[in-house]
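Before any comments, here is the structure.
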Amino acid sequence: MSITVEQQQPTANPFQAPRTAHNARRRISNIAIVALSLLATAFAVAVLLFLLLYVLRAGLPYINLDLFTKIPTPNGEPGGGLANSIQGSLILVGLASLFGIPLGLFTGIYLSEFGGRGPIATGVRFLVDVLTGIPTIIFGLFAWIFIVVPQQSFSGLAGGVALGIIMIPIVARTSEVVLRLVPNELREASLALGATESRTILRVVIPSARNGIITGIVLAMARVAGETAPLLMTAFGNPFFNSDITQPMDALPLRIFNFAESPYQAQINQAYAGSLVLIVLILITSFAIRWATGGFKHGGR
Amino acid sequence: MDTRFNKFGKEPPAVEFEITPMPKPVESTHVPKVTIAGAATVLNPEAVTKIDVRHANFWYSAKQALFDVSLPVREKHVTALIGPSGCGKTTFLRTLNRMNDLIPGTRTEGEAILDGRNIYEKSLDVVALRQRIGMVFQRPTPFPKSIFENVAYGLRVQGTSRKRIQERVEASLRRAALWDEVKDRLKTSALGLSGGQQQRLCIARAIAVNPEVLLMDEPASALDPIATLKIEELIVELAKDYTIVIVTHNMQQAARVSQYTGFFLNGKLIEYAPTVELFEHPRKKETEDYISGRFG
């Protein structure tokens with residue numbers, strides 16, 4: 001045979017990849033992807049940090065006791081506070097959670113546990129996804145048409161309903177996803193012990209997915225706590241204390257929205273202080289919920 | 001292991017076939033190497049048939065997975081189901097407590113008689129059935145609850161009184177040879193146990209409700225050899241009081257723990273016989289090929 005077989009040189013280090021053009025390209029693209037991910041993350045974090053610091057710097061000097069105890073002063077007179085807005089926000093989010101969470105949760109349970117891949121569940125899933133994407137002002141419009149117009153008055157109820165409807169798809173979708181992650185063996189193990197389906201879901205499946213469900217609920221609450229648009233035509237705003245849900249009600253985002261474009265510097269300052277309060281309030285609520293439901297103890301599961 | 005259950009006598013049993021596949025001659029010329037005298041001490045000739053399965057057929061939608069399976073499950077004995085992957089042994093096991101009902105589009109025909117009632121009957125109360133026929137799964141499935149609550153789960157389902165639950169939990173954990181390892185941390189999460197402990201916990205949980213039959217779907221396949229040994233000892237021990245059906249990939253395990261063995265292939269029960277007989281004198285060519293390691 002006249003074919004000469006080229007003998008491959010034994011390399012010094014068998015783990016050292018040969019320096020070919022192909023390997024160089026692989027190395028470079030690898031470095032590029034890593035660098036790109038780091039850069040994008042750094043940018044995103046920088047923007048968020050800047051935003052937080054900015055609000056902190058602009059709002060912190062105007063945080064005082066009056067802010068939490070007094071109502072706004074008329075037209076730019078110094079002093080006053082946002083107590084009515086904080087109270088209103090708490091009532092509105094509470095009202096929204098009151099029916100947004102159970103409706104969302106049970107929809108999620110249906111989708112994950114009973115609906116399967118059937119045509120009804122597929123339809124519901126599609127609708128829920130569409131609902132998540134609808135601009136929130138549409139929900140405000142809905143509440144305006146069905147509650148504000150018949151009642152002939154803006155009201156906290158209308159605002160709560162609008163916010164609650166916004167919560168439903170968020171809670172439903174996140175709970176469905178985390179419920180699906182529960183291994184089927186757990187359901188079977190429970191059923192094999194003679195448990196009914198409802199007991200299995202309530203005692204085994206939901207507790208297994210608890211942390212994920214709580215995360216979904218907290219996310220939904222945080223999301224609606226900051227909603228402004230749907231409240232413009234429902235809760236409307238109110239410069240006085242009001243805990244009557246049939247009457248117009250103030251909310252922090254509404255107050256911030258109104259004060260931020262005010263000609264009076266005092267009100268602009270209060271808008272920043274209000275923003276800070278809103279952020280902290282959301283943080284406290286999510287921590288409180290996690291703490292109360294024991295979310296910290298079980299960690300990863 | 002208890003020598004009472006060593007049905008192979010003192011001589012190394014056919015268990016060795018997997019390590020050194022015995023070149024078995026054809027049936028007619030086959031000479032048994034091992035005496036099966038030991039088997040008589042374990043095999044009770046008057047064993048009652050607990051579940052009598054007759055002509056079971058099973059379909060996943062249009063695909064038939066079981067073909068005319070007939071097999072008696074003897075009371076207070078261990079029946080092993082062996083066969084290659086996808087042969088239908090797990091499917092068959094799951095028909096016995098109607099777990100397949102959970103899979104949409106499945107259909108079972110034939111009958112499995114338990115105390116005069118057909119398990120496959122549509123109108124049967126599956127919840128009541130599953131309280132009589134417990135199940136242990138391939139992977140340990142502890143609930144995200146405390147060790148105590150895991151074992152108490154089935155009892156709470158049945159509405160057992162608080163005092164009785166206390167007793168049953170302890171008795172079941174003792175029975176599953178887990179009590180000494182967990183008695184000081186009953187209130188801690190079951191997820192903190194090792195895999196082998198979790199599986200024994202699942203066995204304790206299954207026997208807590210006092211079922212008559214225990215179905216085990218490859219209960220040791222996810223465990224290390226030591227944990228496997230413990231589970232096997234436990235199975236032998238439990239067979240004194242419970243009727244056990246175990247699916248296993250491991251033929252040595254079948255030989256070690258069972259008194260009867262059924263060999264499945266392609267959805268058919270090829271051969272059913274006392275374990276010693278099946279391993280020593282397989283009547284069918286397929287059985288012999290499988291246990292001598294020629295396929296599977």
Side-chain angles (χ1 to χ4, degrees), chain A residues 105 109-125 175 177-216 290 292-301, chain B residues 93-94 96-105 125-146 149-160 188-192 198-199 201-211 213-217 222:
Chain A
L105 186 56
I109 291 172
Y110 165 77
L111 287 176
S112 155
E113 306 298 312
F114 302 111
R117 307 238 162 268
I120 301 175
T122 309
V124 172
R125 209 168 281 130
S175 7
V177 170
V178 293
L179 287 172
R180 270 183 192 284
L181 287 179
V182 175
N184 220 15
E185 285 105 329
L186 274 187
R187 295 184 180 86
E188 292 190 340
S190 171
L191 293 168
L193 285 165
T196 56
E197 267 184 47
S198 60
R199 194 185 184 99
T200 299
I201 291 168
L202 287 178
R203 296 293 166 83
V204 174
V205 181
I206 291 181
S208 306
R210 195 185 52 187
N211 279 4
I213 292 175
I214 290 167
T215 304
R290 282 189 180 273
T293 53
F296 287 127
K297 275 182 283 181
H298 292 266
R301 182 83 188 183
Chain B
L93 187 80
R94 290 167 57 101
L96 296 180
N97 67 344
R98 295 274 295 270
M99 275 328 253
N100 288 324
D101 286 18
L102 306 171
I103 305 164
D125 178 2
V126 288
V127 169
L129 173 75
R130 288 172 190 157
Q131 289 178 354
R132 296 180 62 185
I133 303 186
M135 190 163 192
V136 176
F137 296 84
Q138 189 167 359
R139 282 196 295 162
T141 53
F143 300 141
K145 299 173 183 291
S146 70
E149 280 305 319
N150 260 278
V151 184
Y153 185 83
L155 298 164
R156 295 207 194 281
V157 167
Q158 296 186 349
T160 312
T188 62
S189 170
L191 303 176
Q198 288 186 356
Q199 193 62 304
L201 179 73
C202 291
I203 292 175
R205 188 172 68 188
I207 59 179
V209 295
N210 232 337
V213 183
L214 262 185
L215 307 178
M216 296 187 164
D217 185 4

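The figures that follow rest on heavy atoms only: side chains count, while hydrogens, waters and symmetry mates do not. Each chain gets a letter, A, B and so on, in the order its sequence line appears, and its residues count up from 1.
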Practice task
Check whether Leu129(B) gets within reach of chain A through its side chain, its backbone, both or neither, counting any heavy atom under 4.5 Å.
Solution key: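 For Leu129(B), no heavy atom lies under 4.5 Å from chain A.
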
What is the minimum heavy-atom distance between [X] and [Y], and which atoms define it?
X: Ala189(A); Y: Arg205(B); value: CB-NH2, 3.5 Å
X: Gln131(B); Y: Leu193(A); value: CG-O, 3.9 Å
X: Pro144(B); Y: Pro207(A); value: CG-C, 4.3 Å
X: Val204(A); Y: Phe143(B); value: CG1-CD2, 3.6 Å

Practice task
Rounded to the nearest 0.5 Å, what's the gap from CE on Met135(B) to CG on Leu191(A)? Could you check?
Solution key: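 Taking CE in Met135(B) and CG in Leu191(A), the distance rounds to 11.5 Å.
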
Handout entry: Listed partners of Thr160(B) passing side-chain contact (heavy atoms from CB on, under 4.5 Å), at least two apart
Key =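 Thr160(B): side-chain contact (heavy atoms from CB on, under 4.5 Å) contacts with Leu155(B), Gln158(B), Arg164(B), Ile165(B).
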
Problem - Derivation of the side chain to side chain contact (heavy atoms under 4.5 Å, CB included) call for Arg156(B) and Arg199(A) - result: CA-CA 11 Å; Arg156(B) 295 207 194 281; Arg199(A) 194 185 184 99; 3.5 Å; yes

Exercise for the section: Examine distances only and state if a side-chain atom of Lys145(B) and a backbone atom of Arg203(A) form a donor-acceptor pair shorter than 3.5 Å. Expected result: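 Confirmed, Lys145(B) side chain pairs with Arg203(A) backbone.
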
Handout entry: Option among Asp217(B), Leu102(B), Asn97(B) that satisfies the side-chain contact (heavy atoms from CB on, under 4.5 Å) test with Glu188(A)
Key =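 Of the listed residues Asp217(B), Leu102(B), Asn97(B), the side-chain contact (heavy atoms from CB on, under 4.5 Å) partner of Glu188(A) is Leu102(B).
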
Handout entry: Flag if over 12 foreign heavy atoms under 6.0 Å of CD1, Ile120(A)
Key =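 12 or below, so no.
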
